[in-house]
Amino acid sequence: MKNSLLDSKDYIVFLVYFVIVSAYGLYIYKKKKSAESGSKDYFLAEGSLTWWAIGASLIASNISAEQMIGMSGSGFKLGLAISAYEWMAAATLVVVAVFFMPVYLKNKIFTMPQFLHQRYNSTVAMIMAVFWLMLYIVVNLMSILYLGALAISGISGFDISICIWALAIFAIIITLGGMKVIGYTDVIQVFFLVLGGLVATYIALNLISDGKGIGSGFSMLKEGASEHFHLIFKKDNPNYIDLPGLSVLIGGMWIANLSYWGCNQYITQRALGASLPTARGGLLFAAFLKMLMPIIVVVPGIAVYYIIKNNVGGISASQLLTSTGVSDPNKAYPALLTLLPAGLKGLSFAALTAAIVASLAGKANSIATIFTLDIYKKAFNPEASETNLVNVGKIAVIVSMFLAVILSFGFGEGLMGEGKQGFQYIQEYTGFVSPGIFAMFIFGFFWKKTTSNAALFATIGGFIFSVILKFLPKWTDLSALHQFGWSVDNGKGIFEIPFMDRMLIVFACCSLGMYIISTIENKKGIVPNGLEIDTKMFKTTTGFAIGALLIIGLIIALYTIYW
C-alpha cells in the first residue's frame with residue numbers, strides 16, 4: 001500500500017457516507033419488494049420514480065469517473081472548451097424531452113432493442129443488442145472502472161487492483177437491488193457529488209487568490225490561464241483535433257449527444273417507466289444540473305493547470321507524472337483533492353466514489369436489461385417467468401462486472417493511461433457506432449417509409465464507415481484538407497479527420513444510404529412498420545417551455561462571453 005492522502009477523519013466521513021447509502025438502499029429494496037417484484041419493476045422501476053429522482057439519477061449515472069477524472073483532465077489540457085459536452089448536453093436533454101420521450105412512451109417502448117424490433121425487425125434488434133452490450137462492457141464499464149480505480153488508488157494509497165475489485169463489488173450490491181434502488185440512492189449520490197465538487201472548486205480558487213475569495217480567484221484564473229478560456233478552437237489550435245471549431249455547435253457534437261441521451265438504454269431507462277410529464281420534468285431538472293457541471297469538473301482541471309503553471313504551491317507537476325515520467329491529465333482532479341483539509345477531503349473522496357459507483361450500477365443495470373429482455377427472453381426462453389427474468393438479470397450484472405474487471409486489468413492502462421485523456425477515449429470509441437444508431441433512430445421516429453434493410457445498412461455500414469475514416473490517414477495523405485479545417489496534424493506528422501467530424505460524415509452517409517434503400521424498397525411495395533405518432537404529444541406545458549428557454553438562453557450567453 002502506498003502513502004494515503006487521507007487520515008482518520010476522512011475515513012470516518014467516508015464510512016458515514018457508505019452506511020447512509022447502504023441503509024437507504026436496503027430500505028428502498030425492502031419497501032419495493034413488498035410491493036412489486038416483476039421484471040419491469042426491477043429493470044425500470046416502472047411508475048415509481050419522481051421527476052427529481054429521475055433527474056438526479058440521470059446525472060449521477062452520467063457524471064462518473066469519465067467526467068470527474070477524464071473531463072477534469074481534459075479541462076487541464078484543453079480548457080473550458082471541453083464544457084461543450086455538458087452545455088450542449090443540456091440543450092440535447094430538452095430536445096429528447098420534447099421529441100423523443102413522447103414517442104417512446106406513446107408506443108410503450110421500454111428498451112432500445114425493443115424499439116428496433118417494433119419499428120424494424122428482430123434481426124436489426126438482435127444485432128444492435130449485441131453491439132450495445134459490447135460497447136457498454138468494453139468501452140463504458142471498463143473505462144469507468146479503470147479511471148475510477150486510478151483516482152481512488154491515488155488518493156487512498158491502496159493498490160489499483162484492490163480498488164477495481166472494491167468498486168465492482170460495491171456497484172454489484174447496489175445494482176442487484178434493481179432500478180428503483182439505483183434511482184433513489186442516486187439522489188444521495190448527487191448531493192455528495194455536487195457538494196464535494198463545489199468544495200474542491202472553492203478551495204482551488206481560494207488558493208489561487210491567496211485567500212481573497214473565489215471571485216478574485218476566478219478572475220485571476222481567467223487572466224493567468226486565458227488560453228484555457230476559449231469555447232471554440234481555431235484550426236491552428238493544437239487541441240482542434242479533439243474539439244474541431246464549430247462542430248461542437250452545429251456538427252458532430254449533436255450526434256454524439258443525441259445518440260447518448262436519446263438512443264441509449266443506459267440513460268433513457270431512467271425515464272421510460274414514468275409518465276410523460278414526470279419524464280419531461282426529470283429531463284429538464286437534469287438539464288439544469290448539466291449546466292452546473294463544468295464548475296465541478298472542468299474549472300478544477302483549469303485550476304490545477306494554473307497552479308502548476310504559475311507555481312502557486314500546493315500541487316507540483318510531479319504529482320501528475322506516471323511511473324514512466326509521462327504527464328497524465330487524468331491525475332489532475334486527484335491532485336486537487338490533496339489540497340482539502342481533513343474531513344472535507346473525505347467528503348470529496350466520498351463524492352468521487354459515489355459518482356463512480358452510481359455510474360457503474362446504472363450501466364450494469366442497463367446491460368442486464370438488454371441481455372435479459374432482448375436477448376435471453378427473445379432468443380433463449382420466450383416463456384420465462386418474471387422471477388426467472390429478474391434472476392437472469394442479476395446474473396448478467398455479476399458477469400458483466402467481472403468481464404469489466406478483467407478488461408481493466410488487461411487493457412485499462414494501455415488505452416487510458418500514460419498521459420492519454422480518458423474522456424476523449426470514451427467519446428471517440430463510442431463514436432464508432434453512434435452515427436449509425438442515431439440515423440436509424442431518427443429515421444425510425446419521423447419517416448414512416450424507412451425500411452428494415454435501411455436500418456441494417458446504418459447499423460453495420462455506420463461502423464464500417466467509421467473504421468475506414470479512422471484508418472484512412474494510414475492509406476492516403478489528407479493534409480490538403482487542412483486548409484478547410486477538415487484534417488489536423490495529430491502531432492506525429494499525420495493528418496487525421498477529427499473524430500467529431502468523422503461522426504458527422506458517417507451520419508450523412510448513413511442517412512443518404514437509408515433514404516436510397518428505403519425509396520427503392522418502397523417502390524417494390526415493401527410497407528415498413530410505422531410508429532404511432534400524434535403531433536399533439538409534442539406539446540409541452542408552460543412551465544417546461546419557460547425552463548427550456550432559460551437553458552437555451554444561458555448557453556447562448558456562455559458562448560457569447562467565452563467564444
- Chi angles and distances behind the ring-ring contact (aromatic ring centres under 6.0 Å, His included) call for Tyr305, His228: CA-CA 9 Å; Tyr305 169 82; His228 272 47; 3.8 Å; yes
- Item | Verdict with reasoning, Ile302 to Phe229, per side-chain contact (heavy atoms from CB on, under 4.5 Å) | CA-CA 9 Å; Ile302 302 175; Phe229 279 86; 3.9 Å; yes
- Test log, rule side-chain contact (heavy atoms from CB on, under 4.5 Å), inputs Ile367 and Trp132: CA-CA 8 Å; Ile367 290 169; Trp132 268 310; over 6 Å; no
- Message: Checking Lys474 against Glu496 for the salt bridge (charged side-chain N to carboxylate O under 4.0 Å, His left out) test, could you report, in this order, the C-alpha distance in whole Å, the side-chain angles of both residues, the deciding distance, and whether it holds?
- Response: CA-CA 9 Å; Lys474 294 187 177 182; Glu496 292 184 9; over 6 Å; no
- Query: Would Leu504 and Met500 satisfy side-chain contact (heavy atoms from CB on, under 4.5 Å), going step by step from the backbone distance to the final call?
  - Reply: CA-CA 7 Å; Leu504 184 61; Met500 204 171 286; over 6 Å; no
- Task: Quick one: do Ile137 and Met142 satisfy side-chain contact (heavy atoms from CB on, under 4.5 Å)? Show the steps, please.
- Result: CA-CA 6 Å; Ile137 295 172; Met142 181 193 73; over 6 Å; no
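No donor-acceptor pair under 3.5 Å is formed between the side chain of Ser226 and the backbone N or O of Lys222. With hydrogens and angles ignored, the 3.5 Å screen pairs a side-chain donor or acceptor of Asn107 with a backbone N or O of Val103. A donor-acceptor pair under 3.5 Å is absent between the side-chain atoms of Asp501 and the main chain of Ile497, judged by distance alone. Using a distance-only test at 3.5 Å, with no hydrogens or angles considered, no donor-acceptor pair links the side chain of Tyr562 to the main chain of Ala81. Without hydrogens or angle criteria, Tyr120 side chain to Met440 main chain gives a donor-acceptor distance under 3.5 Å. Although no hydrogens or angles enter the test, the distance criterion places a donor-acceptor pair under 3.5 Å between the side chain of Ser400 and the main chain of Val397.
We find the CD1-CD1 distance between Ile468 and Ile505 to be 12.0 Å, quoted to the nearest 0.5 Å. Distance check: Phe471 CZ to Ser466 OG gives 11.5 Å after rounding to the nearest 0.5 Å. Between the OG1 atom in Thr123 and the CG atom in Asn453 there is a gap of 9.0 Å [rounded to 0.5 Å]. Taking CG from Leu472 and CG from Asp477, the interatomic distance works out to 10.5 Å, rounded to the nearest 0.5 Å. The CD1 atom of Ile232 lies 9.0 Å from the OG atom of Ser247; values are rounded to the nearest 0.5 Å. One distance of note links CD1 of Ile442 with SG of Cys263; it measures 7.0 Å at 0.5 Å rounding.
Considering only heavy atoms from C-beta on, Phe499 stays 4.5 Å or farther from Leu469 through its side chain. In this structure, Phe371 and Val399 have side chains that are not in contact, with every pair of non-hydrogen atoms separated by 4.5 Å or more. Contact annotation: the side chain of Arg502 never approaches that of Phe507 to less than 4.5 Å [non-hydrogen atoms, C-beta and beyond]. Within the 4.5 Å cutoff, the side chain of Trp261 has no heavy atoms near those of the Phe100 side chain. Tyr260 has its side chain out of reach of Val96: every pair of non-hydrogen atoms, C-beta onward, lies at least 4.5 Å apart. Taking the side chain as every heavy atom from C-beta outward, Ile552 and Ile556 approach each other to under 4.5 Å. With a 4.5 Å cut-off on side-chain heavy atoms, Trp87 and Pro294 count as touching. Using a 4.5 Å heavy-atom threshold, the side chains of Phe115 and Phe445 count as touching.
Of all non-hydrogen atoms in Ala287 and Ile551, the two that sit nearest each other are CB-CD1, 3.3 Å. Nearest heavy atoms, Thr450 versus Trp447: OG1-O, 2.9 Å. Nearest heavy atom pair, residue Pro300 against residue Val297, reads CD-C, 3.7 Å. Val94 approaches Ala548 most closely through the heavy-atom pair CG1-CB, 3.6 Å. When all heavy atoms of Ile356 and Gly148 are compared, the pair lying nearest together is CD1-CA, 3.3 Å. Between Leu283 and Met101, the shortest heavy-atom distance links the atoms CD1-CE, 3.9 Å.
Every residue two or more places apart in sequence or in another chain that forms a side-chain hydrogen bond (donor to acceptor under 3.5 Å, both in side chains) with Thr451 is listed here: Glu521.
By the 6.0 Å contact criterion, CZ on Phe538 is enclosed, its count of non-hydrogen atoms from other residues, nucleotides or ligands being greater than 12. Atom NZ of Lys449 has 12 or fewer neighbouring heavy atoms from other residues, nucleotides or ligands inside a 6.0 Å radius. Under a cut-off of 6.0 angstrom, the local environment of OH in Tyr515 is sparse, with at most 12 non-hydrogen atoms contributed by other residues, nucleotides or ligands.
Ring planes of Phe432 and Phe463: tilted class, angle from 30 to 60°.
A donor-acceptor contact closer than 3.5 angstrom is absent between the side chains of Gln114 and Tyr104.
The distance between the ring centers of Trp254 and Phe438 does not fall below 6.0 angstrom.
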